[in-house]
Amino acid sequence: SSAPQLVEGLRFEGGASKVIFSRDGSMVAVLRSADVAVRSTDRSRSASMDADIPRSKVARIAFSPLGNFLVTWERIEPEGAAGNLCIWRLPAHRTEPVPAPAQIKLVASFPRKEAPTGDVWPLLQWSPDEAICARLLRDCVEILNGTDPAAQAIGRIAHPGVNQFS
């Protein structure tokens with residue numbers, strides 16, 4: 001059998017300021033000046049992902065552990081929407097063909113004025129199985145349903161002065 005054509009054939013026009021891979025290496029996200037490009041790394045599979053998130057102010061990106069979500073943070077524009085910390089659901093690309101064009105759906109957004117630093121990014125963190133998701137807030141960590149992060153919080157861990165968690 002032939003080896004998969006990993007990353008071969010991936011082209012990203014418009015330059016890249018950041019490139020990250022999903023934990024299992026099946027996807028790559030590229031932060032470009034006009035958008036975020038999300039691609040499957042194995043271009044030989046029929047279930048290949050090729051989609052863009054048309055947001056030009058994104059400064060941070062991160063995959064969830066199983067690659068079902070992509071988290072983005074973008075600078076707030078004075079006239080912009082309040083939710084600049086966004087959770088995007090990615091298509092189930094591993095087992096079934098991805099419809100063309102691939103649909104990346106915004107499932108939740110939260111306000112976050114301050115730019116996240118390396119010590120606290122990503123601001124949303126999932127359990128390894130993605131059953132729960134946690135979000136750092138002022139003086140607490142909010143616990144969310146990991147498969148439905150837009151739903152009402154399922155709990156909070158209050159801790160005055162908390163500024164990072166894992």
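Throughout, numbering of the chain's residues begins at 1 and tracks the sequence.
A 4.5 Å side-chain heavy-atom check between Met27 and Phe21 finds every atom pair outside the cut-off. Inter-residue side-chain proximity for Ile20 and Val28 is flagged as unmet; no heavy-atom pair is nearer than 4.5 Å. Using a 4.5 Å heavy-atom cutoff, the side chains of Arg55 and Thr72 are not in contact. With contacts defined as side-chain heavy-atom distances shorter than 4.5 Å, the pair Asp139/Leu137 does not qualify. Between Trp88 and Val36 there is no side-chain heavy-atom pair separated by less than 4.5 Å. Counting heavy atoms from C-beta outward, Leu106 and Ile87 have side chains that stay 4.5 Å or more apart. Contact check for Phe69 versus Glu130: side-chain heavy atoms found under the 4.5 Å cut-off. The side-chain heavy atoms of Val38 and Leu70, taken from C-beta on, include a pair separated by under 4.5 Å.
Shown here are the salt bridge (charged side-chain N to carboxylate O under 4.0 Å, His left out) partners of Lys18, two or more places apart in sequence or in another chain: there are none. Not counting sequence neighbours, Phe63 has no partner by the ring pair (Phe, Tyr, Trp, His ring centres under 6.0 Å) test.
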*Please lay out, stage by stage, how Trp73 and Leu124 fare under the test side chain to side chain contact (heavy atoms under 4.5 Å, CB included).*
CA-CA 10 Å; Trp73 178 86; Leu124 293 152; over 6 Å; no

*Kindly indicate, with the supporting measurements, whether the criterion side chain to side chain contact (heavy atoms under 4.5 Å, CB included) is fulfilled by Asn84 and Phe110.*
CA-CA 6 Å; Asn84 61 325; Phe110 308 99; over 6 Å; no

*Evaluate the side chain to side chain contact (heavy atoms under 4.5 Å, CB included) criterion for residues Ile53 and Asp35: first the C-alpha distance (whole Å), next the side-chain angles of each, then the deciding distance (0.1 Å), finally the verdict.*
CA-CA 5 Å; Ile53 300 170; Asp35 61 12; 5.7 Å; no

*Audit row: Asp52, Arg32, side chain to side chain contact (heavy atoms under 4.5 Å, CB included) steps and yes/no*: CA-CA 10 Å; Asp52 300 326; Arg32 303 185 293 192; 3.4 Å; yes

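Put simply, CG on Asp129 and OG on Ser64 are 11.0 Å apart, with the number rounded to the nearest 0.5 Å. The CD1 atom of Ile61 sits 13.0 Å away from atom SG of Cys86, with the distance rounded to the nearest 0.5 Å. Once rounded to the nearest 0.5 Å, the distance linking CZ of Arg60 with CG of Leu85 reads 12.0 Å. Considering CD of Glu74 and CZ of Arg112, their distance stands at 14.5 Å, rounded to 0.5 Å. Between atom OG of residue Ser56 and atom CZ of residue Arg75 there is a gap of 8.5 Å, rounded to the nearest 0.5 Å.
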Report all side-chain donor-acceptor pairs from residues 141-149 shorter than 3.5 Å, counting only partners two or more places apart or in another chain.
{"residue": "Glu142", "atom": "OE1", "partner": "Arg135", "partner atom": "NE", "Å": "3.1"}
{"residue": "Glu142", "atom": "OE1", "partner": "Arg135", "partner atom": "NH2", "Å": "2.8"}
{"residue": "Glu142", "atom": "OE2", "partner": "Arg156", "partner atom": "NH2", "Å": "3.1"}
{"residue": "Asn145", "atom": "OD1", "partner": "Thr147", "partner atom": "N", "Å": "2.9"}
{"residue": "Asn145", "atom": "OD1", "partner": "Thr147", "partner atom": "OG1", "Å": "2.9"}
{"residue": "Asn145", "atom": "OD1", "partner": "Asp148", "partner atom": "N", "Å": "3.2"}

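The two residues Pro91 and Ile104 make their nearest non-hydrogen contact at CD-CG1, 4.3 Å. The minimum heavy-atom distance between Ser166 and Gln125, with the atom names listed, is CA-OE1, 3.5 Å. Pairing each heavy atom of Pro128 with each of Pro65, the nearest pair is O-CB, 3.7 Å.
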